[in-house]
Amino acid sequence: MAGHKTYEESIRDVYKGLALLGAVTLVEVFISLLGKGHIGIDVSEYKVVLGIVALALIGLSLYKAYFIIYEFMHMRYEVKGLAMSVLLPTLLLVWALIAFFQEGNSWKERREDVKKREQVDPNATPAQESFLLSEDTYLLS
């Protein structure tokens with residue numbers, strides 16, 4: 001059992017980890033403010049820069065999650081099978097969140113289309129309203 005640390009070494013490692021997480025968080029905040037245009041120039045028109053900002057924020061957040069799981073939750077010291085049994089459901093959860101947000105956005109866009117189709121022309125007579133069809137309802141090919 002030569003791998004054990006003393007209490008003082010453990011405390012020092014915790015403070016180093018907290019300092020690292022604080023520094024990464026400050027970098028994330030700076031990148032967010034830069035991406036929103038609060039620091040320097042407004043980059044909201046540049047899609048490439050916004051993409052880079054988004055990827056940087058995602059990468060830094062993933063690094064923080066990795067560091068917390070492997071250092072503070074002691075996953076570094078566990079057997080590989082246990083680490084994978086935690087990692088796989090986490091990846092599936094992230095995939096599910098992405099899929100649900102994509103599906104919700106699709107439903108939102110379709111709902112907007114339905115609302116547009118349901119709008120009635122205020123100048124139309126009642127007889128005309130009953131025969132209004134959307135342009136793509138009955139297409140003969």
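It should be emphasised that the depicted structure is a prediction, and the values quoted were computed from it without experimental measurement. Below, each value reflects all heavy atoms present in this structure, side chains not excepted, and no hydrogens, waters or symmetry copies.
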_Using the rule given for side chain to side chain contact (heavy atoms under 4.5 Å, CB included), can you reason through L21 versus F72, listing the C-alpha separation, both sets of side-chain angles and the distance that settles it, and then say yes or no?_
CA-CA 11 Å; L21 289 173; F72 290 120; 3.6 Å; yes
Please report the shortest heavy-atom distance between [X] and [Y], naming the atom on each side.
{"X": "E71", "Y": "Y77", "answer": "OE2-OH, 4.3 Å"}
{"X": "P89", "Y": "S85", "answer": "CD-O, 3.0 Å"}
{"X": "M75", "Y": "A83", "answer": "SD-CA, 3.8 Å"}
{"X": "V43", "Y": "L50", "answer": "O-CG, 3.8 Å"}

_Please determine whether side chain to side chain contact (heavy atoms under 4.5 Å, CB included) holds for the pair L82 and V79, giving the CA-CA distance in whole Å, both sets of side-chain angles, and the decisive distance to 0.1 Å._
CA-CA 6 Å; L82 178 64; V79 293; 4.0 Å; yes
Side chains of [X] and [Y]: does their closest heavy-atom pair fall under 4.5 Å?
{"X": "N105", "Y": "E109", "result": "yes"}
{"X": "L33", "Y": "K36", "result": "no"}
{"X": "F30", "Y": "T25", "result": "no"}
{"X": "E112", "Y": "W107", "result": "no"}
{"X": "L34", "Y": "V53", "result": "no"}
{"X": "I69", "Y": "L87", "result": "no"}

Check whether [X] and [Y] end up in the same hydrophobic cluster, where Ile, Leu, Val, Met, Phe, Trp and Tyr are linked by side-chain heavy atoms less than 4.5 Å apart.
{"X": "L62", "Y": "L55", "answer": "no"}
{"X": "Y66", "Y": "M84", "answer": "no"}
{"X": "Y70", "Y": "M73", "answer": "yes"}
{"X": "Y15", "Y": "L20", "answer": "yes"}
{"X": "V24", "Y": "I68", "answer": "yes"}

*Would you say E28's side chain and S61's backbone share a donor-acceptor pair under 3.5 angstrom?*
yes
How long is the span from the [atom1] atom in [X] to the [atom2] atom in [Y], to the nearest 0.5 Å?
{"X": "L93", "Y": "L88", "atom1": "CG", "atom2": "CG", "result": "11.5 Å"}
{"X": "L18", "Y": "D13", "atom1": "CG", "atom2": "CG", "result": "11.0 Å"}
{"X": "R76", "Y": "F67", "atom1": "CZ", "atom2": "CZ", "result": "7.0 Å"}

*side chain to side chain contact (heavy atoms under 4.5 Å, CB included) assessment of Y63 paired with I58*: CA-CA 9 Å; Y63 173 74; I58 290 170; over 6 Å; no
*Answer yes or no: are there more than 12 heavy-atom neighbours, outside E9 itself, under 6.0 Å from its atom CD?*
yes
